[in-house]
Structure formats: C-alpha cells, structure tokens
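Contents: one structure, followed by commentary.
Atoms within a ligand are numbered from 1 in the order they appear, just like the ligands themselves. In this chain, numbering begins with 1 at the start of the sequence shown. Source: prediction; values computed, not measured.
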Amino acid sequence: MATAPPDLLPPIVMTFAASDPTGGAGLQADILTLASMGCHPLSVVTALTIQDTGGVEDVLPIDADWVADQARALLEDMPIAAFKLGMLGSAEVVSVIAEILADYPDIPLVLDPVLASGRGDALADDETIAAMIELLLPQTTILTPNSLEARRLALDDEVEDDDPDLAECARRLVAGGCEFVLVTGTHANTAQVVNTLYGDDGVVRSDRWERLPGSYHGSGCTLASAIAANLANGLEIADAVRDAQEYTWQALAAGFRPGMGQFIPDRFFWARNEDKEDA
Ligand code: PXL
C-alpha cells in the first residue's frame, strides 16, 4: 500500500492516557486538543474511568502488556513527532512505557504527572509515583505539574519537615532528569494565575493570566497536550509553552457546564466563535 511522505502528514502525537468518558479530561481531552491544534492523535489507553462532571467513581487500569502492545503496533507503522503522557494507572504501566520511550530518545516527551483529579480523587498510588520519578523523569523534555504535584514529586521523604519552595521543587525535578518544568499556579491563592517555566539555569519564562471564575475539568490535560502539539509543529520550548497557555486560557474562557459539576474547556472555541458573533 502506498503511504504519504512524512512532510504531507499532519504531525502525529502519541498520547498515553486514561479514558474520561465525560470528554472533559484524560484521553478525550488530549484527542480534542491535539486535533484542534492541527495534529493527528494516536491514543494509547492506560486505564478506564467511570465518572461524571462531579467526580471519579472508579478506575480500571489496563494490563501493562496491552498498553505496550497498543503502542508498539502504532510505532512500527507511523512516524511520531511528540509523546504526551497523562494518567498512567499503575507502576507496571509506567515501567513498560518507560521501556518503549527509551527506544525513541530524540522525540520530545511531555509528562503531565496526573496524581489526582481537580476535585481531589486520587489517580496515582505511591508506587506509580515512585516509578514515574525513577523511570520517566529522566526521559522527559517537559514536566507540567501544578504546584501540589510539584511538591509531591520533589519532596524528600528522608528529610524531616522538608518544605521546599516551588523554585527549589523545580530545581530538584530538573536535577532528577527532566529538561524543563512548567509549574502551573492554578492552585495558588493569587489574583492572577502565574505559570513558571524552569530549566537548567532556573526561570526561563513566567506568564500571568487573568484567573477565570469556576472550576474546570481537564485544564492540565489541555495545556500539556497543547505543548506537545506545538513541539510536534516544530516550536522551541519557550514559544511552545507560551502559545499553549494562550490556547488553554481561551479554551477555558469559552468553557461550558454540560452537567451538574465542573466546567469543561471548549478546545474548539475557534470553530464556534463566528457563530457566536453572528448570533
Ligand atoms: O485532569 C486530570 C485527569 C486526567 N485523566 C483522567 C482524569 C483526570 C481528572 O479527573 O479523569 C482520566
């Protein structure tokens, strides 16, 4: 069968994430964001969830061999421009993903360390978190924790009353092997949301955004996928991060509340703007 040359393809991004049937977060959020930003998403399912816009009811991790086989089949068939990792479900799954990624060291990797939902449901156990730090961090181009996740990942269990500030957390995470860390400030008690990108030499850029009212489901997944899409499209890291924040802010500003719980970002806000203006 004839195949299109790579330069005629949209950039292909492979996401490893858990299904969120609401379409708010997780795999569905990644697919919507990547497609909206001009990429073709390949979706490797790491877990299933039962949830509505009010909260997560249950999680079923997918067998690690099934995760590996989903990815390997795609990787042997198609060229990948970027990887994005979200909720991974178990330490075994983290381990097989790390093994696969080690075969593709030149492809940018965005790691969104999903530890809990925005509503507080735990989405990673201690063993999964430890595996992420040990096996994935050293392969990561950019890690995108919120401030709570940054603290959890950077805290030194051996030190009594360890209380690093966010800059120190970022320094430790870069020392742990990732190239860049974008710490998001949605959980901070500040008038504006401040997101800060750190690299080897400290702060690379810091961006401030008007804090939107309401509680959003899937903002972190949207931001991390948008960064992956921008890297796949060839942007440098600082530009990829800036543009992805702009995209995410607009998706949140256009968010809607389809049920009784959280708001969902509208990742296709640009496709609907004209209708709104005409109305
Ligand atoms: O927003 C983080 C997240 C990621 N992935 C899945 C989720 C959530 C939050 O609920 O359900 C599947």
Side-chain angles (χ1 to χ4, degrees), residues 13-34 41-63 66-67 70 83-91 93-94 97 109-125 128-129 131-132 136 140 142-153 182-187 193 195 212 214-229 244-245 247-249 251-252 255-267:
V13 178
M14 177 177 281
T15 172
F16 294 79
S19 165
D20 170 6
T22 70
L27 196 52
Q28 288 80 355
D30 295 355
I31 292 170
L32 285 164
T33 302
L34 293 168
L42 300 183
S43 45
V44 175
V45 190
T46 56
L48 305 179
T49 68
I50 299 173
Q51 60 179 302
D52 57 21
T53 60
V56 179
E57 230 169 84
D58 215 344
V59 176
L60 176 71
I62 301 294
D63 183 86
W66 271 79
V67 174
Q70 290 178 72
F83 290 109
K84 189 256 162 182
L85 310 188
M87 177 185 159
L88 302 178
S90 72
V93 166
V94 169
I97 292 174
L109 166 60
V110 181
L111 173 56
D112 180 18
V114 176
L115 306 185
S117 78
R119 302 152 305 202
D121 317 286
L123 296 176
D125 59 20
T128 306
I129 296 172
M132 282 168 54
L136 293 178
T140 296
I142 174 166
L143 180 76
T144 61
N146 61 40
S147 49
L148 307 177
E149 290 161 343
R151 281 206 183 86
R152 171 68 184 83
L153 293 170
L182 176 65
V183 182
T184 59
T186 38
H187 288 78
V193 174
N195 300 328
L212 294 162
S215 166
Y216 292 88
H217 183 45
S219 50
C221 308
T222 305
L223 178 63
S225 291
I227 295 170
Q245 291 176 76
Y247 170 85
T248 303
W249 192 89
L252 296 177
F256 55 97
R257 191 172 182 232
M260 290 179 283
Q262 288 185 298
F263 282 75
I264 286 180
D266 183 0
R267 287 96 181 183

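Scanning L123, L88, D30 for the heavy atom closest to atom 8 (C) of ligand 1 points to L123. The residue among G218, A47, S117, S219 with a heavy atom at the shortest distance from atom 9 (C) of ligand 1 is S117.
The shortest contact between atom 12 (C) of ligand 1 and any protein heavy atom is with A18 O, 3.4 Å. For atom 11 (O) of ligand 1, the nearest protein heavy atom (residue, atom name, distance) is Q51 NE2, 2.7 Å. G26 CA, 3.4 Å is the protein heavy atom nearest to atom 5 (N) of ligand 1.
At a 4.0 Å heavy-atom cut-off, ligand 1 touches C221 through the side chain alone. The side chain of A25, and not its backbone, has at least one atom closer than 4.0 Å to an atom of ligand 1 (non-hydrogen atoms only; side chain from C-beta on).
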With side-chain contact (heavy atoms from CB on, under 4.5 Å) as the test, would you mind laying out the steps for T184 and T144 before giving the verdict?
CA-CA 7 Å; T184 59; T144 61; 5.7 Å; no
Could you walk me through whether Y247 and T222 satisfy the side-chain contact (heavy atoms from CB on, under 4.5 Å) test, starting with their C-alpha distance in whole Å, then the side-chain angles of each, then the deciding distance to 0.1 Å, before giving a yes or no?
CA-CA 9 Å; Y247 170 85; T222 305; 3.8 Å; yes
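With respect to L88, the side-chain contact (heavy atoms from CB on, under 4.5 Å) criterion is satisfied by exactly one of L123, L136, I62: L136.
Contact of the L252 side chain with the F263 side chain is not registered, since no non-hydrogen atoms from C-beta on lie closer than 4.5 Å. Proximity of M14 to V44: side-chain heavy atoms (C-beta onward) are separated by under 4.5 Å at one or more points.
D63 contributes atom CG, which lies 12.5 Å from atom OG1 of T46 (distance to the nearest 0.5 angstrom).
Applying the 4.0 Å criterion to heavy atoms of V114 picks out, from ligand 1, the atoms 2 (C), 3 (C), 4 (C).
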